[in-house]
Amino acid sequence: MKLLVANRGEIAVRIFRACRDMGIETVAVYSDADRTAPHVTMADYAVRLGPAPSIDSYLSIPRLLDAAKKTAASLVHPGYGFLAESAEFARACVGAGLTFVGPSAEAIEAMGSKTRSRELMKAAGVPVVPGTTKPARDVTKLAEFARGAGYPIFLKASAGGGGKGMRRVAREEDLGAAFARASAEAKASFGDGSIYAEKLLESPRHIEVQIAADQHGHRVAVGERECSIQRRQQKVVEECPSPAVASDLRAKLFSAALSAADAVGYDSCGTVEFLLAPDGSFYFLEMNTRLQVEHPVTEEVWGVDLVTEMIRAALGEPLSFGSDELAPHGHAIECRIYAEDAARNFAPSPGVVSLVRLPDGPGIRSDVGVESGSTVPIDYDPMLGKLVAHGRDRKEAIARLSRALDEYEIAGVDTTLPLFRALVRDPEFRDGRYHTQWLDGWLAGPRLEPRDASVEEAILAAVCVSIDGNSPREGILDRGSRWGQVARVEALRAAETLPRGTRR
Amino acid sequence: MKLLVANRGEIAVRIFRACRDMGIETVAVYSDADRTAPHVTMADYAVRLGPAPSIDSYLSIPRLLDAAKKTAASLVHPGYGFLAESAEFARACVGAGLTFVGPSAEAIEAMGSKTRSRELMKAAGVPVVPGTTKPARDVTKLAEFARGAGYPIFLKASAGGGGKGMRRVAREEDLGAAFARASAEAKASFGDGSIYAEKLLESPRHIEVQIAADQHGHRVAVGERECSIQRRQQKVVEECPSPAVASDLRAKLFSAALSAADAVGYDSCGTVEFLLAPDGSFYFLEMNTRLQVEHPVTEEVWGVDLVTEMIRAALGEPLSFGSDELAPHGHAIECRIYAEDAARNFAPSPGVVSLVRLPDGPGIRSDVGVESGSTVPIDYDPMLGKLVAHGRDRKEAIARLSRALDEYEIAGVDTTLPLFRALVRDPEFRDGRYHTQWLDGWLAGPRLEPRDASVEEAILAAVCVSIDGNSPREGILDRGSRWGQVARVEALRAAETLPRGTRR
Amino acid sequence: MTIRRRLVWRRKEGPAELTVESRDGRKVTVDGPAGPALADSAKLADGRWSVILPSGRQLTGRAASRPDGRVEAWIGARRIHLELADPLRDLAAESENADGGAMEIRAQIPGRVVEVFVVPGDVVAAGKTLLVLEAMKMQNEIRADSPARVAKVECVAGQTVETGALLVRLESEPVV
Amino acid sequence: MTIRRRLVWRRKEGPAELTVESRDGRKVTVDGPAGPALADSAKLADGRWSVILPSGRQLTGRAASRPDGRVEAWIGARRIHLELADPLRDLAAESENADGGAMEIRAQIPGRVVEVFVVPGDVVAAGKTLLVLEAMKMQNEIRADSPARVAKVECVAGQTVETGALLVRLESEPVV
């Protein structure tokens with residue numbers, strides 16, 4: 001039996017590892033930019049899709065189906081991002097006689113549309129954030145709603161998430177411009193510019209519940225995750241359990257999430273996202289009908305393998321655990337490592353990763369999609385992978401995360417590692433006192449200025465640049481090429497013509 | 001506060017990680033062979049001990065104490081092997097005003113002598129394997145005992161373990177020669193040639209119980225480990241829990257282990273080893289008054305950090321858990337990765353490790369003391385580190401171990417990786433049907449012959465040797481140096497003048 | 001950079017020739033027992049190679065040849081052995097000479113004959129060591145590839161030989 | 001291989017000279033603000049360096065200089081910035097000339113003056129860009145290191161200059 005992963009990077013590696021554990025052969029697909037990527041070199045089979053741009057490779061349904069046919073793959077897993085929430089792709093797979101590892105196309109469609117999913121939730125008695133019901137193509141409907149619900153409001157692309165096509169609007173005057181930009185961004189990322197609006201809750205927390213289900217009607221809520229550390233709606237750090245959820249709230253969240261899953265007869269792994277207001281009330285946000293980037297924190301604390309469960313469910317097998325057999329132990333924290341320079345407004349930093357040195361030892365897990373020598377292409381979401389620390393409690397998890405960061409080396413491209421190093425030392429983070437707007441405020445401060453060197457550090461640097469080959473003179477030449485590259489990136493970014501895979 | 005580790009390799013890295021988690025500064029010591037070893041380059045401080053030979057470096061108490069004084073270290077952790085079971089070293093540390101991270105010198109001494117420890121156990125009502133009571137310097141006493149207990153018997157060095165100074169004697173005629181060799185080996189490894197003899201149980205299993213204790217009289221049994229996969233009394237694979245221990249036997253083992261610990265007022269982490277006969281009876285073997293190589297399988301299943309507990313106990317702090325707060329979840333298996341070629345009778349394979357590529361992802365932990373570019377010196381135990389796989393049950397742990405082995409690359413030196421790859425596919429191993437003599441028998445078979453290449457593998461090899469720089473012609477030259485090196489090793493081995501650190 | 005290498009793959013089922021050809025080090029044609037196959041090949045930073053065969057099959061591993069002609073290949077923890085003789089590298093190689101049947105074993109690079117184990121008339125089994133030839137400080141046993149009868153011995157212990165010098169002439173052992 | 005490098009470490013507390021000297025690339029003497037220190041230095045296979053100082057302090061990390069004179073150093077996930085100017089590399093360098101007070105800024109390697117921002121008599125603050133000099137396709141702003149008054153301007157935009165050519169002469173601004 002062969003499984004094709006219609007994706008790249010760390011999630012393709014993650015899914016192939018589950019396949020190996022289950023004795024299923026692995027089929028990788030790749031664009032020209034990814035020929036020597038780890039997800040290709042570990043696979044049993046590999047098929048070229050096309051040139052680097054996503055539309056000609058990872059987003060091309062016909063080429064993906066050809067690759068499956070060529071290698072006689074019978075299973076297809078979409079990963080996250082790219083076509084993971086495309087009902088069209090799910091249908092195309094089924095139409096080609098393939099087993100789509102994920103929920104039904106209908107469930108994807110229902111939960112994919114923010115407005116339809118909210119209607120379903122209202123019907124199922126799940127509280128929803130006040131918002132427009134129909135996806136709007138023009139601004140008038142949104143203005144009407146905003147006047148009723150009161151500003152600030154939140155504009156969202158109805159066909160996708162991950163920070164794309166999202167704008168906060170504080171006052172009526174800004175609505176027009178914000179709508180135009182949000183709609184354009186949504187069009188570029190999901191091919192659908194329709195937008196809907198929601199009441200903006202003040203400093204809420206983002207809590208999501210992991211659902212595992214099979215085709216025999218078994219549905220289990222496998223713990224919650226805290227994902228409030230976000231930068232412009234993009235998750236940066238996730239935790240399990242949430243420091244803000246006590247057992248009675250947890251029970252309510254679980255039952256709401258299960259109602260959501262029941263409402264669409266959900267039969268795979270998925271995540272129901274809620275906004276938790278400071279007063280303890282919570283509102284349905286959306287259901288992600290796919291595997292989440294942050295699934296490892298749930299796996300470490302609840303001792304489950306969610307990817308294996310998805311594949312079993314797709315094959316018609318029952319879930320390998322009932323809710324009674326599950327028990328959480330300890331606390332886990334995940335950091336998403338992006339090839340971006342947090343100190344330069346998260347400017348992307350594509351290029352060749354000259355060195356990857358991963359931390360290890362007790363409580364540390366790395367799900368990573370690059371290795372020394374890998375290229376970080378400019379064409380896709382610049383996430384390199386995730387660092388996950390697990391401890392007996394939140395305090396030990398943070399101590400282990402901090403220790404792992406001291407061992408972590410990525411050279412050749414800038415990364416968000418320095419951000420995490422500063423974060424684990426921040427008193428508010430260490431006390432779990434944060435919410436979805438916290439990080440944006442934190443980043444505005446002078447926190448990421450690199451410290452000045454001590455005398456000892458200056459001696460180390462002097463030895464490096466003097467004895468080493470890369471003394472300043474040569475420094476310019478080889479540095480030049482990389483700085484030239486960054487200039488090229490800046491130019492590209494400015495032109496906003498960057499055809500990005502959707503960001504998760 | 002600074003902690004000095006009087007050791008090297010993976011266990012020094014392991015202990016430094018616990019120090020970082022606790023905010024304790026780390027002091028490494030190194031011989032000339034280890035200047036750029038990972039345990040040195042990760043430490044906050046590093047002090048040269050001397051030239052490569054252990055007696056001038058890692059076994060030199062005066063030089064270790066000087067290093068502690070120079071860096072104002074207040075804590076000393078001995079790791080395992082080297083001086084870990086030297087009461088003299090423990091006393092020397094205390095004498096120099098240092099806090100020895102481990103049990104009292106008295107406990108080390110009592111449990112260090114096989115004969116004294118057995119007397120203590122008999123007094124505490126713990127069943128012991130029939131054996132001589134006094135350590136013997138000549139063969140007559142042993143011959144008398146053997147005639148009484150009946151052959152086969154087992155000769156053991158009374159001052160240390162790890163496969164050094166051990167000989168099986170099947171018949172009286174072989175006793176004299178076996179005694180001479182065992183005594184010489186013990187003298188070389190532990191500076192004490194005295195030997196004692198034990199009745200040899202037929203195909204017993206080696207089960208050990210982890211003890212965690214503090215200086216406030218709290219003592220907890222933290223699960224058992226199965227260590228029957230051994231080659232010439234040297235542990236190769238360890239598991240937690242043991243596939244052969246049901247809950248009632250477990251309760252008896254735990255209470256026997258606790259009685260052993262109580263008998264010497266044990267106040268750190270230690271391990272009580274038993275031999276489990278096929279009929280379910282078990283006998284005290286010895287108590288290791290130190291951290292064991294295989295401690296990670298217990299940490300993964302019981303969710304504890306044994307090294308942190310040892311340091312807390314040494315600092316007078318209480319254990320951070322009571323026996324009621326502990327619960328096991330899942331199953332973990334550890335493989336010891338040695339720089340030895342299992343296919344050539346485990347000939348050591350020192351040299352430069354040109355590539356280390358560690359597996360990662362769900363359930364996998366590597367505690368390793370080398371990285372790409374490291375040198376494996378000929379002067380010490382050739383263990384590179386340990387691969388640990390954790391799953392929800394034994395089946396998932398074996399599947400994950402097998403997956404990790406497919407990702408594991410070590411080039412430049414031969415390793416025992418191919419042995420583990422064959423082992424995880426063996427039906428008897430997969431069913432847990434093995435005992436302490438099982439592996440030696442298994443190794444006698446043709447199991448480690450590398451498979452012949454398939455056509456596809458031949459194409460890959462052809463491309464490697466043709467397009468690559470290391471085409472055969474060059475192959476000879478660079479190979480030459482390594483083969484020359486192996487020849488040097490063979491010569492050294494033959495001369496048996498190899499001053500080895502004790503092997504664990 | 002055009003590469004053309006002829007390798008002999010000594011398998012249980014008998015030797016097979018592998019011709020490796022490539023103009024760019026990326027598109028590599030390997031003509032083997034199952035006919036020519038175009039392998040999309042790429043070298044990784046850590047020295048391993050990845051090949052993707054026409055069937056889509058992907059293999060990544062490393063291989064290095066040892067002086068005794070054997071190639072040690074690794075795919076993860078899996079060690080694979082294959083006798084991949086490179087006529088250039090085998091200090092001597094057999095070649096069918098004109099009158100068929102007879103096989104001449106000639107030195108491929110200058111060396112010194114260390115020892116000779118056969119005399120004309122000896123009948124040798126496959127794998128029998130005929131002589132030991134030393135070149136570049138490496139001693140290499142020159143063995144018979146298949147059962148044969150020693151027709152001629154053209155060298156003596158201690159003698160240095162030039163490239164191409166005839167060492168031993170074998171005649172295929174008539175099936176008795 | 002004897003290495004001798006003079007680096008200027010521009011700290012908030014003012015510039016400090018670091019002289020790096022080594023005969024074997026292992027025993028490295030770094031003469032810095034806290035006097036000479038013998039650093040036992042070793043380069044690791046992955047390009048990082050480990051130094052052990054006389055106090056026993058050990059640091060392992062990597063550092064590379066950037067064209068703007070800044071050096072980016074990393075120890076694990078910790079990024080450390082330091083201005084480690086190498087006179088050789090700074091396309092121009094100030095030097096105290098004979099009559100004290102006045103500082104001459106001369107071209108260190110041949111280049112082209114792209115633009116001049118000052119005229120004699122201007123009073124400039126530390127860090128003020130005096131001119132832009134282009135060499136090896138790199139444009140480099142030559143700035144005043146400390147407050148001063150422009151005494152002479154010896155170059156014009158578009159002019160190419162030889163190594164050592166005088167560009168600007170500054171006089172230290174008398175404390176008013």
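Proteins get letters first, then strands, A, B, ... in listed order; numbering begins at 1 in each. No hydrogens, no waters, no symmetry mates; every other heavy atom, side chains included, goes into these values.
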State whether C/Arg169 and C/Glu154 are salt-bridged, where the test is any N-O pair (Lys NZ or Arg NE/NH1/NH2 against Asp/Glu carboxylate O) under 4.0 Å.
no
Under a 4.5 Å heavy-atom cut-off, does chain C meet the side chain of B/Ala422, its backbone, both or neither?
neither
Part of B/Ser372 lying under 4.5 Å from any heavy atom of chain C:
neither
Residues B/Glu238 and B/Lys386 bridged, charged N to O under 4.0 Å
no
B/Arg394 to B/Phe429 six-membered ring, cation-pi geometry met (6.0 Å, 45°):
yes
Heavy-atom pairs under 4.5 Å with chain B are the metric here; pick the option from C/His81, C/Arg11, C/Arg78 that has the most.
C/Arg78
By a 4.5 Å heavy-atom criterion (distance strictly below it), what part of C/Arg48 contacts chain B: side chain, backbone, both, or neither?
side chain
Pick one of side chain, backbone, both or neither for B/Leu355, based on which atoms fall under 4.5 Å of a heavy atom in chain C.
side chain
Considering only heavy atoms and a distance below 4.5 Å, find which of B/Asp406, B/Val463, B/Leu417 pairs most often with chain C.
B/Val463
Lys/Arg cation over aromatic B/Phe346: B/Arg231, 6.0 Å, 45° cone:
yes
Would you mind checking which part of B/Leu419 comes under 4.5 Å of any heavy atom in chain C, side chain (CB onward), backbone (N, CA, C, O), both or neither?
neither
Can a salt bridge be assigned to the pair B/Arg433 and B/Asp431 using a cut-off of 4.0 Å between side-chain N and carboxylate O?
yes
Answer with side chain, backbone, both or neither: which region of C/Leu59 has an atom nearer than 4.5 Å to a non-hydrogen atom of chain B?
both
Minimum-distance pair of heavy atoms, taken over all atoms of B/Pro359 and B/Ala404:
CB-O, 3.5 Å
